[in-house]
Engineer: 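Before anything else, here's the structure in question.
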Amino acid sequence: MLANGSATPLELERPAQRHAHDAARFTALVESASAEDWTRPSPVDGWTAIDVVKHLVEWSRGLLQGAGIELPALDVENDPVAAWKRHVADIQAILDDPAGRVLSNPHFGDKPVEEAIDQFYTGDVWMHSWDLAKALGREIDMGEERCRAALEAMGPMEQMLRDSGQFGAAVPVDEDASAQDKLVAFIGRDPEWRPEVGLPAGQAEDQA
């Protein structure tokens, strides 16, 4: 199991710190994958493990065009590890020196670029860490306090989030389920999901 670490983003004050924390955990997953792992199914319907990485890289780089930041396209398919690490470095550099840039977007208006990254992207890295871990046959501790906080924040916006297509239908879970299981169920994932194909013989039992 990938531990949550000694510090959590709830304790970190700056967007740059929060991104460094979440990106490091996602990077550890990316670096742990073998070449064969990238075609394994993920909990996101129709996505493989590599699609999780491509999603995070591609949409965030496109988003930053709204701040006049043109980052070069990265070849995730050819070398997901190198592409992801370059992407992390690019985002971290912007957060370390936002230079007063403002990101304009038709959906949320104008925001300081570091605030926009923190609000819309860093949390996406955190949540998709669960998807990538599951695709790789691993378990990840997302932090119960953070999961509870995310659920509380999204609860009042549930209908809007569902209508936007960002999340699938909620998956039923027991009332006494962990906050992590309730969160992934809220966004349309089955907390008990396991890859049905792609695991070497015996590994599924080892990871159960």
Side-chain angles (χ1 to χ4, degrees), residues 1-5 7-11 18-19 21-23 25-26 28-30 32-33 37-60 63 107-108 118-208:
M1 177 176 284
L2 298 176
N4 192 44
T8 76
L10 295 179
E11 299 166 336
R18 287 189 285 270
H19 175 261
H21 178 279
D22 287 344
R25 299 187 70 218
F26 196 92
L29 285 168
V30 169
S32 76
D37 284 337
W38 292 115
T39 59
R40 292 161 64 133
S42 84
V44 184
D45 189 34
W47 283 14
T48 61
I50 202 169
D51 291 321
V52 179
V53 181
K54 287 176 64 178
H55 163 75
L56 289 170
V57 169
E58 292 174 358
W59 86 260
S60 57
L63 177 74
H107 300 293
F108 55 75
D118 189 48
Q119 183 174 350
F120 300 108
Y121 171 70
T122 300
D124 209 34
V125 174
W126 171 61
M127 292 221 277
H128 281 299
S129 296
W130 187 90
D131 294 319
L132 184 57
K134 286 290 188 175
L136 299 177
R138 295 164 176 71
E139 297 297 331
I140 186 169
D141 177 5
M142 298 171 68
E144 286 291 281
E145 183 182 0
R146 189 175 182 186
C147 289
R148 278 192 293 270
L151 274 170
E152 290 174 4
M154 289 189 293
M157 302 181 289
E158 179 173 2
Q159 193 57 52
M160 181 187 70
L161 293 169
R162 304 248 181 257
D163 292 344
S164 73
Q166 294 181 58
F167 301 155
V171 175
V173 292
D174 293 338
E175 186 61 34
D176 61 352
S178 68
Q180 177 169 310
D181 283 355
K182 288 180 179 179
L183 176 63
V184 297
F186 178 89
I187 65 174
R189 313 285 200 267
D190 178 1
E192 300 301 318
W193 186 92
R194 298 288 186 276
E196 295 180 359
V197 296
L199 283 172
Q203 188 171 340
E205 291 77 10
D206 293 342
Q207 295 293 342

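Here the structure is a predicted model, which means the values were calculated and not measured.
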Engineer: Do you know the tightest heavy-atom contact between K182 and D174?
Structural biologist: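 Result for this residue pair: CE-O, 4.0 Å.
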Engineer: I'd like to know if the side chain of W130 reaches the main chain of I140, judged simply by a donor and an acceptor atom lying under 3.5 Å from each other, with no hydrogens or angles considered.
Structural biologist: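 Looks like no, no N/O pair under 3.5 Å.
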Engineer: What orientation do F120 and F108 show, parallel under 30°, tilted 30 to 60°, or perpendicular over 60°?
Structural biologist: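 Parallel.
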Engineer: What heavy-atom pair brings M142 and W126 nearest, and what distance separates the two atoms?
Structural biologist: O-NE1, 3.2 Å
Engineer: Quick one: closest heavy-atom pair of P195 and P41, and the distance?
Structural biologist: CB-CG, 4.1 Å
Engineer: Using a 4.5 Å cut-off on heavy atoms from C-beta on, say whether the side chain of L183 contacts that of R146.
Structural biologist: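 Not in contact.
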Engineer: Side chains of D124 and W59 only: does a donor on one sit below 3.5 Å from an acceptor on the other?
Structural biologist: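 The answer is yes; a qualifying pair exists.
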Engineer: To the nearest 0.5 Å, tell me how far I187 CD1 sits from L151 CG.
Structural biologist: 9.5 Å
Engineer: State, to 0.1 Å, how close A135 and W193 come at their nearest heavy-atom pair, and which atoms those are.
Structural biologist: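 Heavy atoms of A135 and W193 come nearest at N-CZ3, 4.0 Å.
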Engineer: Measure across V53 and W38 and return the closest heavy-atom pair with its distance rounded to 0.1 Å.
Structural biologist: CG2-CZ3, 3.7 Å
Engineer: Looking at E192 and K134, is there a salt bridge between them, counting it only when a charged N and a carboxylate O are closer than 4.0 Å?
Structural biologist: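 Salt bridge: no.
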Engineer: Side chain of S42, backbone of D131: donor and acceptor closer than 3.5 Å?
Structural biologist: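 Flag not set: sc S42 to bb D131 has no pair under 3.5 Å.
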Engineer: Nearest heavy-atom pair of L132 and L29: which atoms, and what distance?
Structural biologist: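 So the minimum-distance heavy-atom pair works out to CD2-CB, 3.8 Å.
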